[in-house]
Amino acid sequence: MADNNEIYNPPAELVKNANITKFMEKHGLKTLDELLTKAQDYEWFWAEMAKELEWYKAFDKILEWNNPFAKWYLGGKFNIVHNAIDRHMNTKTADKVAFIYEPEPENEKVERWTYRQLNTEICKFANALKKLGVKKGDRITIYLPMVPQVAIAMLACAKIGAIHSVVFSGFSSGSLKDRIIDAEAKVLITADGAYRRGKLVELKKNADESVKDTPSIQHVIVFNRADTKVNMTEGRDLWWHEITAQESDQCPTEQLDSEDMLYTLYTSGTTGKPKGIVHVHAGYAVGTYATLKFIFDLKESDIWWCAADVGWVTGHSYIVYSPLMLGATSVLYEGAPDFPNAGRWWKTIAREKVTVLYTSPTAIRMHMRYGEKWAGEHDLSSLRLLGSVGEPINPEAWRWYYKYIGGERCPIMDTWWQTETGHILITPLPITPLKPGSATKPFPGAKANVFTQDGHPIKPNENGFAVLLTPWPGMLRTLYKDPERYKEVYWSRFPGIYLTGDSCTIDEDGYFWFRGRADEVLNVAGHRLGTAEVESALVAHAAVAEAAVIGVPHEVKGDVPKAYVTLKVGFEKSEELKKELKDWVSKEIGPIARPEEIEFRDKLPKTRSGKIMRRLLKAEALGKPIGDISTLEE
Ligand code: WTA
């Protein structure tokens, strides 16, 4: 259970040496409250942070806010890759390890990539892309597993001003296809295969399936990860190692405008069509850099491990871009956390002396279920700080993480943010007293609140809608090719105010307690999934007439989809059909979308206007009161 008064104070030594403490000393700020108050002047705070990065040309205006459209650091010339890679080439960071890459099969060697080696590969790959005709503004879809080449591909695109769109390698060919079509990508970068729980995932096969229907794709570049046999279409498909072999290891970084687009990343919303979140070079760089520096307190000597997948925003912001901007050494692990057994992560932490670990509540609950004996077998004393992201962390999991992984020494940074926000926004700092289950307070320069239905701030401990009141540098700029939907989804419920879609409360001390989504979006194992996406996959099956999908709580994964299905005439309800429908969804979207349960119904509850009332199904499934049913059809 959550308890507003269970408080964990940060260790004095950590506070004394924290990056945020140094920042506060520099500006004559004595307490966390003083810092947060001073940073309410968010243009001041974000200008200070921008000064720590290198600009080809300094910006002359910090912010232009035409609500809801923001531009940051106007007039600046910038490239995130200059800050992540180029600027280290003349310092001792050049020969520091950037990535410790650990393949899943234990008989394969751990690779250590220095900044200099990364730079060489990025340049070669960028030159190869240019030779294929890739230019500034072109979209490139990346469908790669967790190998260093995923970072290299992203950085090579950004270097030449092309826009990357990374698609999680666990997504199906159908999901990949939709994302390629929306982005009108010119090139697809993939691998022959990848390892997951000891099994080979045939990525190239999925890619082939997708590009059958994507006329924009001119080339498919294939990284040879697994030495497995694949079909190569003459003229279209190219091997990564062949096209880079003869390329120069020098490639100039494009001097871009601050607001030039860096990437688009598709995320689930309340309709069946994923939204292309748009991020730009400069503001995103400043926001991710500042949050990693102050929240996870990265120093020269740290070994950082963000155990997410690059296919999600966490991987973009905290595996690829910000650690490199900070000159950090990070672990990049290819596979599953419990392969070949539940000790895999702990063994790696002990071997590499990882100092800061950032993961999700789902992973923590999974390890909790395996038991603390696995962590107990390894020396985790190098850890000094822990992090959590992706969903609310239940206090029981928090305490377990704190005790068995952090050895009761390491504060847990429960960081709240979204694909849309680009970087962490509501979070503890290493100097913040913690309450298990609370993401504590807005990061300096951010302003958040929780509103009632009619747009008033809630009273302490009441539930409401979490909102963001002021712009921040890493915010999404729009939805790709759809500014109207951008306005509608985020800025119309409370005009001019950013709606997060999360339900939340704030306690007497001003601490935020996130409760989960307030809309038709699920959080399956920390991954966002729209119920509408699962429904549209189901109704695409020949047997299904209608489908309604709800999220039901799951011990490990947070939410899991449960589907209610009515069948077309001529189809019989059966256990086999249930299994077939589950497999179908898995194939259509990806294994994360697989319904945990399917229930056949003769009819679904609907409003008079014909909308399915998922709320009723949910109340029934959870044994809760069904609430207002005045709009129910019958
Ligand atoms: C949820 C992941 C509670 C939330 C970075 C949000 C959280 C959605 C937390 C975004 C947290 C993320 N506590 N809930 N610390 N962090 N969420 O876009 O519902 O994949 O809206 O970004 O995850 O998921 P997304």
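As the structure lists them, so they are numbered: ligands from 1, and atoms in each ligand from 1.
Ligand 1 places these atoms under 4.0 Å from at least one heavy atom of Thr415: 9 (C), 11 (C), 15 (N), 16 (N). Per-residue contacts place Asn523 under 4.0 angstrom from the following atoms of ligand 1 (heavy atoms of the residue considered): 1 (C), 19 (O), 23 (O). Short contacts between ligand 1 and Val389, defined as distances under 4.0 Å to a heavy atom of the residue, involve ligand atoms 5 (C), 16 (N). When each atom of ligand 1 is checked for a heavy atom of Val313 under 4.0 Å away, the hits are 5 (C), 22 (O). Against a heavy-atom cut-off of under 4.0 Å, Thr314 is close to the following atoms of ligand 1: 5 (C). The distance from ligand 1 to the heavy atoms of Asp502 drops below 4.0 Å at these ligand atoms: 4 (C), 6 (C), 19 (O), 21 (O). Counting atoms of ligand 1 from 1 in the listed order, those under 4.0 Å from a heavy atom of Phe514 are 3 (C).
Residue-level proximity to ligand 1 for Pro392 is carried by backbone and side chain together, each with a heavy atom below 4.0 angstrom. Only side-chain heavy atoms of Arg517 come within less than 4.0 Å of ligand 1; its backbone N, CA, C and O stay farther off.
Looking at Tyr321, Tyr263, Tyr289, Trp72 one by one, the single match for side chain to side chain donor-acceptor pair (under 3.5 Å) with Tyr284 turns out to be Tyr263.
Residues Gln418 and Thr500 have side chains that never bring a donor and an acceptor to within less than 3.5 angstrom of each other. Side-chain atoms of Thr291 and Tyr318 include a donor-acceptor pair closer than 3.5 Å. Looking only at atom types and distance, the side chain of Tyr266 has no donor-acceptor partner in the side chain of Asp178 under 3.5 Å away. For the residue pair Tyr358/Thr415, the side-chain donor-acceptor check at 3.5 Å is satisfied.
Although no hydrogens or angles enter the test, the distance criterion places no donor-acceptor pair under 3.5 Å between the side chain of Thr432 and the main chain of Leu434.
Atom 13 (N) of ligand 1 has as its closest protein heavy atom Glu391 O, 3.3 Å. In this structure, the protein non-hydrogen atom closest to atom 5 (C) of ligand 1 is Trp417 CE2, 3.4 Å. With respect to atom 24 (O) of ligand 1, the closest heavy atom belonging to the protein is Arg528 CD, 3.1 Å.
A salt bridge links Arg197 to Asp338: one of the charged nitrogens lies within less than 4.0 Å of a carboxylate oxygen. Between Asp559 and Arg517, no side-chain nitrogen of the basic residue sits less than 4.0 Å from a carboxylate oxygen of the acidic one, so the salt-bridge criterion is not met.
For ligand 1, one of its N or O atoms has an N or O atom of Gln418 under 3.5 Å away. For the pair Gly390 and ligand 1, the shortest N or O to N or O distance falls below 3.5 Å. Ligand 1 has a nitrogen or oxygen under 3.5 angstrom from a nitrogen or oxygen of Thr419. Below 3.5 Å of separation, one finds an N or O of Asp414 facing an N or O of ligand 1.
Relative ring orientation between His164 and His316 is described as tilted, the plane-to-plane angle lying within the 30° to 60° band.
Contact annotation: the side chain of Lys293 never approaches that of Met325 to less than 4.5 Å [non-hydrogen atoms, C-beta and beyond].
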